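Starting from 1, each residue takes its place in the sequence as its number. Everything quoted here is computed from the prediction, not taken from an experiment.
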Amino acid sequence: METERLLLRPMTWEDRPAICAILQDERTMYAYEHPFSEEEVDDWMARQMKRYETDGFGLWAAVERNSGSLVGQIGLTLQEWEGKQVPEIGYLLNRRFWGMGYATEGAKACKAYAFETLGLDAVYSIIRDNNLPSQGVARRNGMHPVGRQIKHYYHMDMPHTVWVALKRGE
């Protein structure tokens, strides 16, 4: 999938160094409360690649079209909310590319893909309460809050707000 500035494509193991630069950066990973270990990076990447096979989508490598630089990961994953699996738009960018509009651009492309190609009626973003920049991306992507949930991750409870965009714009 392409946007004005990005190519969204499946991650490969060749992307691992660029993915490590994101997942192992303490400031980038503040919403996860810790940078990932080598094993956690490998598990993360393997999980995305498995999602491509089982779901037909996952977090894709977001590559800047002009430079070929991997700016982050943007895509769709299935996440649990209210006892069901819902399609979530997620994004995680290298800090060097924060504030440049890449997350919003990629998230909008994922929403269009979900509605137009996959025929979905709704997409979600489940965002930690302290992640104000990601909440801004969700807002710019036409989403609004519809609920809250607590995720238990890394030995702690983390409050999240659930955002939604409906195909009909409701």
Side-chain angles (χ1 to χ4, degrees), residues 1 3 5-52 55 57-64 67-81 85-111 123-141 143 145 147-164:
M1 180 172 24
T3 69
R5 299 178 297 162
L6 295 173
L7 168 66
L8 301 179
R9 60 155 175 80
M11 270 186 268
T12 68
W13 288 108
E14 288 76 31
D15 296 320
R16 190 179 187 286
I19 299 299
C20 282
I22 298 166
L23 298 178
Q24 293 183 323
D25 180 76
E26 187 171 354
R27 284 184 51 206
T28 300
M29 298 302 287
Y30 72 92
Y32 289 81
E33 292 290 341
H34 77 289
F36 281 15
S37 68
E38 295 289 323
E39 183 179 334
E40 287 172 311
V41 170
D42 289 343
D43 290 347
W44 177 273
M45 290 187 67
R47 194 166 45 251
Q48 300 318 312
M49 292 176 197
K50 181 73 173 166
R51 285 175 167 148
Y52 305 150
D55 303 330
F57 50 81
L59 289 176
W60 293 301
V63 178
E64 192 176 49
S67 70
S69 297
L70 192 143
V71 303
Q73 306 164 75
I74 304 172
L76 294 162
T77 61
L78 294 175
Q79 299 293 328
E80 174 103 8
W81 187 56
Q85 295 286 304
V86 298
E88 181 193 29
I89 297 173
Y91 28 87
L92 188 58
L93 273 56
N94 183 305
R95 243 183 328 117
R96 293 182 340 184
F97 298 100
W98 287 4
M100 297 178 172
Y102 288 117
T104 300
E105 184 175 324
K108 286 180 176 182
C110 288
K111 182 174 81 170
V123 289
Y124 298 80
S125 283
I126 303 170
I127 303 171
R128 187 148 180 221
D129 286 1
N130 68 345
N131 193 340
L132 300 180
S134 285
Q135 292 175 30
V137 171
R139 216 174 270 109
R140 287 187 295 278
N141 198 19
M143 300 178 121
R148 297 181 45 76
Q149 82 178 53
I150 304 293
K151 288 190 173 193
H152 186 75
Y153 182 71
Y154 206 63
H155 313 295
M156 62 186 89
D157 290 334
M158 298 180 180
H160 286 68
T161 300
V162 179
W163 296 71
V164 69

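- Here the side chain of Tyr52 pairs a donor or acceptor atom with the backbone of Leu59 at under 3.5 angstrom.
- Here the side chain of Asn94 pairs a donor or acceptor atom with the backbone of Arg96 at under 3.5 angstrom.
- Shown here for Glu88 and Ile126, the closest heavy-atom pair between the two residues is OE2-N, 2.7 Å.
- One distance of note links CG of Leu6 with CZ of Arg9; it measures 11.5 Å at 0.5 Å rounding.
- A salt bridge does not link Glu80 to Lys151: none of the charged side-chain nitrogens sits closer than 4.0 Å to a carboxylate oxygen.
- With Glu105 contributing its side chain and Arg5 its backbone, the two residues share a donor-acceptor pair below 3.5 Å.
- By the side-chain hydrogen bond (donor to acceptor under 3.5 Å, both in side chains) test, Asp129 pairs with Arg148, Thr161, sequence neighbours left out.
- Results of the side chain to side chain donor-acceptor pair (under 3.5 Å) test with Gln73 over Trp60, Trp44, Tyr91 single out Trp44 as the only residue that passes.
- Ile74 contributes atom CD1, which lies 12.5 Å from atom NZ of Lys108 (distance to the nearest 0.5 angstrom).
- Note: Trp81 and Tyr124 have tilted aromatic rings, judged against thresholds of 30 and 60 degrees for the angle between ring planes.
- Ile127 and Ala138 get closest at one heavy-atom pair: CD1-CB, 3.8 Å.
- When all heavy atoms of Thr3 and Ala109 are compared, the closest pair comes out as CG2-CB, 3.4 Å.
- Shortest non-hydrogen contact noted between Gly75 and Cys110 is CA-SG, 3.6 Å.
- Taking CE of Met156 as the start and CD1 of Ile150 as the end, the distance is 13.0 Å to the nearest 0.5 Å.
- Looking at Thr12 and Glu14, their side chains do bring a donor and an acceptor atom within 3.5 Å of each other.
- Taking CD1 of Ile19 as the reference point, atom CE of Met45 lies at 5.5 Å (rounded to 0.5 Å).
- Glu38 and Gln24 share a donor-acceptor pair across their side chains, judged by distance under 3.5 Å alone.
- At a threshold of 4.5 Å between non-hydrogen side-chain atoms, the residues Met143 and Val123 count as touching.
- Residue Leu70 holds its CG atom at 5.5 Å from CG of Asp15, rounded to the nearest 0.5 Å.
- Looking at heavy atoms from C-beta onward, Trp98 lies in side-chain contact with Thr28 at the 4.5 angstrom threshold.
- In this structure, CZ on Arg139 lies 12.0 Å from OG on Ser125, to the nearest 0.5 angstrom.
- Across every non-hydrogen atom of His34 and Met29, the tightest pair is O-CB, 3.4 Å.
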Between Arg51 and Leu78, does the side-chain contact (heavy atoms from CB on, under 4.5 Å) criterion hold? Intermediate values first, please. CA-CA 9 Å; Arg51 285 175 167 148; Leu78 294 175; over 6 Å; no
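- Under the 4.5 Å side-chain criterion, counting only non-hydrogen atoms from C-beta, Met158 is not in contact with Asn130.
- Leu23 and Val41 make their closest contact through CB-CG2, 4.0 Å (heavy atoms, listed as atom of the first residue, atom of the second, distance).
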Verdict with supporting geometry, Ile89 and Leu76, side-chain contact (heavy atoms from CB on, under 4.5 Å): CA-CA 5 Å; Ile89 297 173; Leu76 294 162; 3.6 Å; yes
